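Here's the structure, in C-alpha cells; my notes come after.
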There are 4 protein chains.
Amino acid sequence: MTPNTARRNETSRRAILTAAFDLLQEVGYAKVSIEGIATRAGVGKQTIYRWWPSKGTVIFDAFLLLSEGAEGEPPTLPDTGDLAADLSLVLRATVEEMNDPRYEQPMRALATEITLDAELAAAYAQRLDGPLREAKRQRLRSAQQAGQLADDLDLDVAVDLIWGPVLNRWLYRSGPLTIEYADQVVTTALNGLRPRRPAAQGMPA
Amino acid sequence: MTPNTARRNETSRRAILTAAFDLLQEVGYAKVSIEGIATRAGVGKQTIYRWWPSKGTVIFDAFLLLSEGAEGEPPTLPDTGDLAADLSLVLRATVEEMNDPRYEQPMRALATEITLDAELAAAYAQRLDGPLREAKRQRLRSAQQAGQLADDLDLDVAVDLIWGPVLNRWLYRSGPLTIEYADQVVTTALNGLRPRRPAAQGMPA
Amino acid sequence: MTPNTARRNETSRRAILTAAFDLLQEVGYAKVSIEGIATRAGVGKQTIYRWWPSKGTVIFDAFLLLSEGAEGEPPTLPDTGDLAADLSLVLRATVEEMNDPRYEQPMRALATEITLDAELAAAYAQRLDGPLREAKRQRLRSAQQAGQLADDLDLDVAVDLIWGPVLNRWLYRSGPLTIEYADQVVTTALNGLRPRRPAAQGMPA
Amino acid sequence: MTPNTARRNETSRRAILTAAFDLLQEVGYAKVSIEGIATRAGVGKQTIYRWWPSKGTVIFDAFLLLSEGAEGEPPTLPDTGDLAADLSLVLRATVEEMNDPRYEQPMRALATEITLDAELAAAYAQRLDGPLREAKRQRLRSAQQAGQLADDLDLDVAVDLIWGPVLNRWLYRSGPLTIEYADQVVTTALNGLRPRRPAAQGMPA
DNA sequence: ACGTAATCGAGACGGTACGTCCTGTCTTCAA
DNA sequence: TTGAAGACAGGACGTACCGTCTCGATTACGT
C-alpha cells in the first residue's frame, strides 16, 4: 500500500517542495494548488499524491527541507549570562523573520494548516518547533539555575509568555510587530505586570 | 452599483449566516463552500455573492450575528478588586469556550481567514475583538489605578501577555489547554518570570 | 435531476457538436476527448457532462445535427421504374460517402460506439437510420408491387442483402470499396447466386 | 532493438492473452486497460509493451490463441452437395456464436479495433478471417462447378452477400439475429430478389 | 393601487482544480 | 537477459465549486 520509499526520486521531491514554497511566496496560500505545484516542479500530479496525503503536509515538508541544512547540530539560544539581552536578541530576530516578505506568506500558510489539522499540529510540535522550543527552555533553565528566574517557574509557561504574544500579534495583525514591541514583551514578562521594587531587579549573574 | 440595503431580505441574511456557522461546525472549514451554504440556507448563490465579497466575510458576519444579541451594552470584565481572581475567571471561561466542540471549528475557520486576509483582520480587530479588548484594557487600567499594576505598564502588552499564550496554545495545539494552564498564565504574567521576594507579593508599592 | 432543457444554451450545443465532429475528422476517434471537445468548443466540460451521458451520445448527436437540415421532408430513394439503376445510383453514392475523407473518421467513430453500446444502437436504428431504411424499404415495396420483386420477399432481408455487404466491406476493409463493387452487389442481389435463365431476366416494367 | 523472440516467456504470453480475453468478456472493451491485463495476468506492464505495440494487437492475438488449437488443418465447410443446407448449417452456427455471451464482448472489441485500425484490419483479413473466407469461397466454387451457381458469379461478392447481412445485423443490432434470419438470408441470396419461376429453382442449367 | 425596479430562488454557463486512473517509458532487483 | 514490480511525466477522466449570468416570480417603493 505505502509506496516503496527506497525507489523515491529525490530530485522530484526537492523540486516539489521548492516549488510549493516559492508558489506560496509568490501567489499566496489561497491560490496555490497541487496542480500548480506539479506544473511548476515539472512533475506529474500523481507523484505528489503518491507521497503526500494533503497540501498541508507538502507545505510542512517544504519547511522541513529548509531546516534540513541545519540538521545535525540542534539549535541553541545565545547565553551571555544576560537573559534579557539574549531574549531580546532572539525575539527581535523572530520579529524580523515574520516581517520578511519572503517568509510571511509561507509561514501564514503553515500556520493555517496547523490551525485546521490536528495531525499536522502534532507533527509541527515534534519536528519543526520541537528542537527550537527545547533550546528556548534550555536557555531559561540555565537562567533559572543561575537564580535569575523563579525556582517554581514552569518553563513551558514561560516560553509561551514570551513568544505567545509576538506570534499572536503576527497572526492576528492586532498591532504593529516591531522590535520595540519585542523588547517590551521581554521586559514585561520578566518583571511581571505587578509593581516591582527596584531592588528586586538586576540581580548580579 | 452597490445593492440597496434597504431592500435586503433579512430572513435570507440570517439563514445564510446560520447555515454558514452550522456547516463550519459540522463539516469543517475546508469542506464548506458558498454553494453548500446557499443550498443549506435555501437561497440562491447570487444572494450570497450580492452581499458578501468573500467566504471569509460571511464567516465573519456569522460571528457578528452571534454577538448581536449582546449588542447595546458593551462587554465588561468582572471587577471584584481581586485582579488575579477576576482574570482567572475570565480566562477559564475563554479556555472552556475554546474547548467547546460547538465553537471550535467555526473559531478555527475565523482564525484562518484572519491569518490570511489582512482586511478581515482589521475588521476583526475593530468590530469583534475591539469591544472585548477594550474591556480587558479597562479592567487592567482599574487595577493599575489601584496600584496593583506597575505604573509604566503598557496595557496592550499586558493584554497580549495574558491572552496571547492561551490563544496560541489553542491555535497550535502545542499543549493541553486546561483551566490550570489558564491560572498558571495569570499568575506568571502578574508576577513575572524573575524571582520575587514573598513579601513583595500582593502588596501595594 | 434532469437539467431544465428550456434554459439550454443552443449556441453551446451546436459548438460542442460541431467541435466533436471536426475533431473526429482531424485527429481520429482514439484521440478525441471530452476535454478536447470542450476546449475546441470554448465550453466548460460540465456543459457537456450536463447534457450528454457519454462520448458516444455526443458523437451521435453530432450526426443528428448534420441531418437536421433535411428534417421535415423524409428522405426518399429515386424511383425511375428501373430498380437496378436506382439502386446502383444510391449505392454508388453511399460508397462515395464512405470513401470521403471528411466523413470516414466520424462515421467509423459512430460505428464503433454503436457496436459497443446497445442503447446507442437502438437510438441509431430509430433516429438516424430509421427514416433512411424506411425509404429503402419503400423503394423495394414499389418494385414489388410492380412485379419486379418476388411476392414473398421479406423487404428487411432485401435491404440487408443490398446494403450489408457494402457497409461490411467498409468496416472491415475486406476489399476495395468501389463503384464497381456496388454495382456487382446490386446485380447479384437482384438475380441471386443461382444460375438464371436469360428469359427470366429483364422483365418489362 | 526488436526483442529476441527466442527468449520469450511462453507462460507469460498465454497468461496475458487469456487475461485480455477474460477481461473483455467480464468488464467490456471500454474498461479494459493494459494495466488491468498486466495485473490480472500477474505480469509486469513492460512485458506487454515489449511484445505488443497496442491494445488492439493484444486482443487480436488473444483471438489467434483461441484458434491455435485448430491450426495445422485448414478449416473447411461441409459439402453434402446440398448447398442451401450446408450454408444454413454454417450460418446458423455463426449466429449462435455471435449470440454466445462468452464471445460477444470480445468479438465486439475485435470488431471495434479493426474498424479503427487499418493495419489491424489487414492482419485480421490475412490471419484470422483469411482461412475461413477461403473455405467459404471453396464451398461456393464447388457448387459453381456443379452448376448450382451462376458461371459468371464473383465468389467474393457471393460470400459478402451471404455473411455480410448477418455480421451487419450483429454489429448494429438492427434486428433480432436468429436462426430464421440466417435461413432467410441464405434462401434470398441464392434466389435473388427478383421473382423466379418455380420450375427454375434447384434445377441445373 | 399600481407599475416598476430590485431582490429573490434557481440553476446554466466558462472555467479551475480536484483526486483517480491509465499510458508508455524508465529503473531496480531477483532469477 | 528477461521478467515482476512499480515510480515517473503526462493526459484525461468525471465531479465539485467558483463567480457571473440569465430567467421568471415575488416584493416593496415611489408615484
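Below, read A as the first sequence line, B as the second, and so on, with proteins coming before strands; counting in each chain starts at 1. Just so it is clear, the structure is predicted and the values come from calculations on it, not from any experiment. The figures that follow rest on heavy atoms only: side chains count, while hydrogens, waters and symmetry mates do not.
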**OP:** Identify, between A41(A) and G36(B), the residue whose nearest nucleotide on DNA chain F lies closer to the 5' end.
**Re:** A41(A)
Original post:
Can you find a side chain N or O atom of W51(C) that sits less than 4.0 Å from OP1 or OP2 on dG11(E)?
Top reply: no
Subject >> Length of the CD1-P vector between I37(D) and dC22(E), whole Å >> reply: 11 Å
**OP:** Provide, to the nearest angstrom, the distance between the NZ atom belonging to K31(C) and the P atom belonging to dT23(E).
**Re:** 16 Å
Original post:
Has the side chain of R7(A) got a donor or acceptor that lies under 3.5 Å from a partner of the other kind on the base of dA5(F)?
Top reply: yes
Original post:
Taking W52(C) as the fixed residue, which of T47(C), D61(C), T57(C) is the one that meets the side-chain hydrogen bond (donor to acceptor under 3.5 Å, both in side chains) rule?
Top reply: D61(C)
Original post:
Does atom CD of Q126(A) have more than 12 heavy-atom neighbours, drawn from other residues, nucleotides or ligands, at distances under 6.0 Å?
Top reply: no
**OP:** Can you measure from CZ (R127(D)) to CG (L64(D)) and round to the nearest 0.5 angstrom?
**Re:** 4.5 Å
Subject >> Q46(C) CD to dG14(F) P, straight-line distance once rounded to whole Å >> reply: 11 Å
**OP:** Measure from OH on Y49(B) to P on dA6(E) and round the result to the nearest Å.
**Re:** 23 Å
Original post:
When you look at CZ of R8(C), are more than 12 heavy atoms from neighbouring residues, nucleotides or ligands closer to it than 6.0 Å?
Top reply: yes
Subject >> Stepwise ring-ring contact (aromatic ring centres under 6.0 Å, His included) test for Y124(D) and Y172(C) >> reply: CA-CA 9 Å; Y124(D) 174 78; Y172(C) 279 75; 5.6 Å; yes
Original post:
Whole-Å distance between dC13(F) P and K45(A) NZ?
Top reply: 13 Å
Subject >> T47(A) side-chain N/O to dA9(F) phosphate OP1/OP2 under 4.0 Å >> reply: yes
Original post:
Within the pair S12(A) and dA9(F), is there a side-chain N or O less than 4.0 Å away from OP1 or OP2?
Top reply: yes
**OP:** Would you mind reading off the distance between N9(A) atom CG and dT28(E) atom P, rounded to a whole angstrom?
**Re:** 10 Å
**OP:** Pick base, sugar-phosphate or nothing for G42(D), based on heavy-atom distances below 4.0 Å to the nucleic acid.
**Re:** sugar-phosphate
Subject >> Residue met sooner reading DNA chain E from 5', once E35(D) and S33(A) are mapped to nucleotides >> reply: S33(A)
**OP:** Provide, to the nearest angstrom, the distance between the CD1 atom belonging to I48(C) and the P atom belonging to dT15(F).
**Re:** 13 Å
**OP:** Answer yes or no: does a side-chain N or O of R50(A) lie under 4.0 Å from OP1 or OP2 of dC8(F)?
**Re:** yes
Subject >> Spacing between K55(A) atom NZ and dG19(E) atom P, to the nearest angstrom >> reply: 9 Å
